[in-house]
Amino acid sequence: MLKYPGNWSLFRSDDRLLLIVFAVIVGICSGIAALLLNRGLESMLEWLHHYRIYWWAVFLPGVGAALSSLFLDKIVNEGAGHGVPEVIYAVSRYGGLLRLRSSFSRLISSCLTIGSGGSAGPEAPVVMSGAAIGSNIAQAFSLNDRQRVALVGCGAAGAIAAIFNAPISGMVFAVEVVLGEWSTMNIIPIAIAAVAGTEISRMLKGNQIVFAHRDFNIQFNDILACVGLAIFCAVASILLTRVLRTLHHASTHVSVPVWVRAFMGGSMVGCIGYFLPYVLGEGYHSIRSAIEGGFPAGLLLVTGITLVKIVVTSLTLGWGGSGGIFAPCLVIGAFVGLSFHRLIATIWPSVLWVNEGCFALLGMAGLISGILQAPLTGIFLIIEITGGYEVILPLIVVSAIATTLCHYIEPASFYLKDLVEQGQLLRPGTDARVLTDLSIEELLETDCISVHPDMRLAEFIDIVKASHRNYFPVEDRRNGRFLGMIQLDDIRPYLFDSAMHHAVLTGQLMNTRIKTASLYDDLADVLQKMDDGRFFSMPVVSDGRFQGMISKATLLDRYRKELMVQTGRT
């Protein structure tokens, strides 16, 4: 464990300076990780390209997915997944704690899956890698939870910025999708990390626009048509989400080892790709062709490719392959845009529509916005990766409408759906997240004086005089087990009746049916129990022994402090 740099006077003087310095380091490391995956994919695709002419090449995606699954399951002991939900889960539940092995495991597994022809994207694995780098740097320097979460966001931003040469998109993605909160304390270091990741990418790879295009002359009728395109994008987003989940659930009913299941899914992808090679791999070549207006003609062909791409992506990821949905969404979105353009051009041939490449771009934004329910990410990503701002108005229309429609039908985005269903999504600054970060043990009030059931009321009154509390736990004198509680408000008439002082025992006054909590209870459940019973305090009992009291006053005080920490308002 390295010494906490916060002890250094320069860092201790400004918490933001500390995060900015670490953000640069995390952004550089994330950018290098993104480039390594990119180079690995290119090498693997080039190496396997010569073998794709053979009939047995249909099994290459299956072999790649099986090796990927074996690597994750047997070597690094991680489950298959998209990467981003795991990062969000770590941020939501564990203050951004991620294992060191996650910084490279998804790079290798996704390289095997995608490089062999599986339909998946490298972005989500790179996001997980960058987030794990940020998390482990934070752990190495003993940073606190809030700082660690900020560096996880820095890693995600640096990775996306490096892979797309798009710093704003990286920053917006990290804040909008991964962290789910817009706070000054997070945005500044995340922006710095995005710049660092982008600069590393430009130094090692060149300042290239991912999808260059020609200028588009957009008219009012094109913007009006974007309403229809947004509906098509929303339908495709919902379809991809449901088909992927359906095929994943179907695969769990196949009683074979996970690597065999991955081989089966990958081989099915390979068989489909043999007849329709457009659907294999990450699909960036197809996007470039669509944007430049060079994709093969035919409405039915493009529509068919769109549907098949949804199926092969679901087979790849749902049956055990490793990779993300970012690139498949871009490809499917481009095909949806092409399909829609060719449809309206067929229906209204006399109308002068903008080039179909523009609709391919808009479709990409619509799919990203719809399936991730992150409209800003969709808008800025398309602007940056194409280098053009002339499509900003239709981009806003498509992204806003697609996001709204998808949110109406599927209230949680694809990344968040499983977490929401399992009750594991707790965004920073929300009531559930603040309560989760507090424990009953740290709220415990232990200054209560215990009494015994055979104690006379006169003795009890002497104890009351020495205490400042209204609650007194009653314990068995022989074994110390909790028996009940005495509340002064309940016995006040006996206190002022001197005739009772030597005639009544505390065991006769205690309430044995009082509701209790344990040290291991969920704090939200305890608070609900107090609300239902209109209690201001509740005894905490574990293993039959009184541990202390938990009160709403103490809870509110700690809640406020935790909320200030999470929102950076300390």
Indicate yes or no for a side-chain donor-acceptor contact from K309 to the backbone of V279 under 3.5 Å, with no hydrogens or angles considered.
yes
Compare all side-chain heavy atoms of V336 with those of L367 and state whether any distance is below 4.5 angstrom.
yes
Side-chain donor-acceptor pair under 3.5 Å between T554 and D557, yes or no?
no
Which heavy atom in I163 sits nearest to a heavy atom in P122, and how many Å separate them?
CD1-CG, 4.0 Å
Evaluate the criterion side-chain contact (heavy atoms from CB on, under 4.5 Å) for residue pair S289 and H285; output intermediate values, then yes/no.
CA-CA 6 Å; S289 179; H285 293 295; over 6 Å; no
Answer whether the closest heavy-atom distance between the side chains of L179 and V149 falls below 4.5 Å.
yes
Could you go through the salt bridge (Lys or Arg N to Asp or Glu O under 4.0 Å) check for E86 and R99 one step at a time?
CA-CA 11 Å; E86 287 82 353; R99 293 184 294 186; over 6 Å; no
Short side-chain to backbone donor-acceptor contact, S135 and A131, under 3.5 Å:
no
For F104, all residues meeting ring-ring contact (aromatic ring centres under 6.0 Å, His included), sequence neighbours excluded
none
Is any side-chain heavy atom of E176 closer than 4.5 Å to a side-chain heavy atom of P375?
yes
Heavy-atom side-chain contact between S169 and T377 under 4.5 Å:
no
Identify the two heavy atoms, one from S30 and one from G158, that lie closest to each other, and give their separation to 0.1 Å.
CB-C, 3.9 Å
Taking V526's backbone N and O only, do any of them form a donor-acceptor pair with D521's side chain (distance below 3.5 Å, no angle check)?
no
Roughly how far, to the nearest 0.5 Å, is CG of N38 from CG of L107?
11.5 Å
Any donor-acceptor N/O pair, S369 side chain to G366 backbone, under 3.5 Å
no
R245 vs D418 side-chain heavy atoms within contact, under 4.5 Å:
yes
So do the side chains of M44 and L112 get within less than 4.5 Å of each other, counting heavy atoms only?
yes
Which heavy atom in G324 sits nearest to a heavy atom in P125, and how many Å separate them?
N-CD, 3.8 Å
Atom pair CD1/CG of I160 and L381 - distance to nearest 0.5 Å:
8.0 Å
Does the gap between the ring centers of F326 and F164 come in under 6.0 Å?
yes
Rounded to the nearest 0.5 Å, what separation is found between the CE atom of M171 and the CD1 atom of I192?
10.5 Å
Atom CD1 of I25 and atom CZ of F141: how far apart are they, to the nearest 0.5 Å?
6.5 Å
S69 side-chain N/O to A65 backbone N/O, donor-acceptor pair under 3.5 Å
no
Give the C-alpha distance, both sets of side-chain angles, the deciding distance and a yes or no for side-chain contact (heavy atoms from CB on, under 4.5 Å) between L240 and I371.
CA-CA 8 Å; L240 175 59; I371 202 162; 3.4 Å; yes
Do you know the tightest heavy-atom contact between I287 and A334?
CG1-CB, 4.4 Å
Flag side-chain contact, heavy atom, 4.5 Å: C329 against F414
no
Between A34 and A162, what is the shortest heavy-atom contact and its length?
CB-CB, 4.0 Å
Side-chain donor or acceptor of Q547 paired with backbone N/O of L444 under 3.5 Å
no
Would you say the side-chain atoms of T316 and S119 include a donor-acceptor pair closer than 3.5 Å?
no
Report the C-alpha separation of Q373 and T403 in whole Å, then their side-chain angles, then the decisive distance to 0.1 Å, and conclude whether the side-chain hydrogen bond (donor to acceptor under 3.5 Å, both in side chains) test is met.
CA-CA 5 Å; Q373 296 187 17; T403 303; over 6 Å; no
CG of L523 to CE of M530: how many Å apart, nearest 0.5 Å?
9.0 Å
Return yes if some donor-acceptor pair links the side-chain N/O of N136 with the main-chain N/O of L98 below 3.5 Å, else return no.
yes
Please tell me whether T241 and E410 have a donor and an acceptor in their side chains that are separated by less than 3.5 angstrom.
no
Is it true that atom CD of E46 has more than 12 heavy atoms of other residues, nucleotides or ligands lying nearer than 6.0 Å?
no
Gap separating the CD1 atom of I75 from the CG atom of L67, nearest 0.5 angstrom
9.5 Å
List the steps and the verdict of side-chain hydrogen bond (donor to acceptor under 3.5 Å, both in side chains) for S322 and S110.
CA-CA 5 Å; S322 184; S110 61; 5.2 Å; no
Would you say that more than 12 heavy atoms from the other residues, nucleotides or ligands in this model lie under 6.0 Å from the CD of E42, or not?
yes
Trace of the side-chain contact (heavy atoms from CB on, under 4.5 Å) decision for I137 with R148:
CA-CA 8 Å; I137 287 178; R148 186 167 57 239; over 6 Å; no
Please assess V397 against L362 for the test side-chain contact (heavy atoms from CB on, under 4.5 Å), listing each intermediate value before the final yes or no.
CA-CA 9 Å; V397 173; L362 298 173; over 6 Å; no
Do any N or O atoms from the side chain of S237 and from the backbone of C233 form a donor-acceptor pair under 3.5 angstrom?
yes
How close do V26 and G130 get, heavy atom to heavy atom, and via which atoms?
CG1-O, 4.4 Å
Flag the pair E445 / I550 as yes when at least one side-chain heavy-atom distance between them is below 4.5 Å, and no otherwise.
no
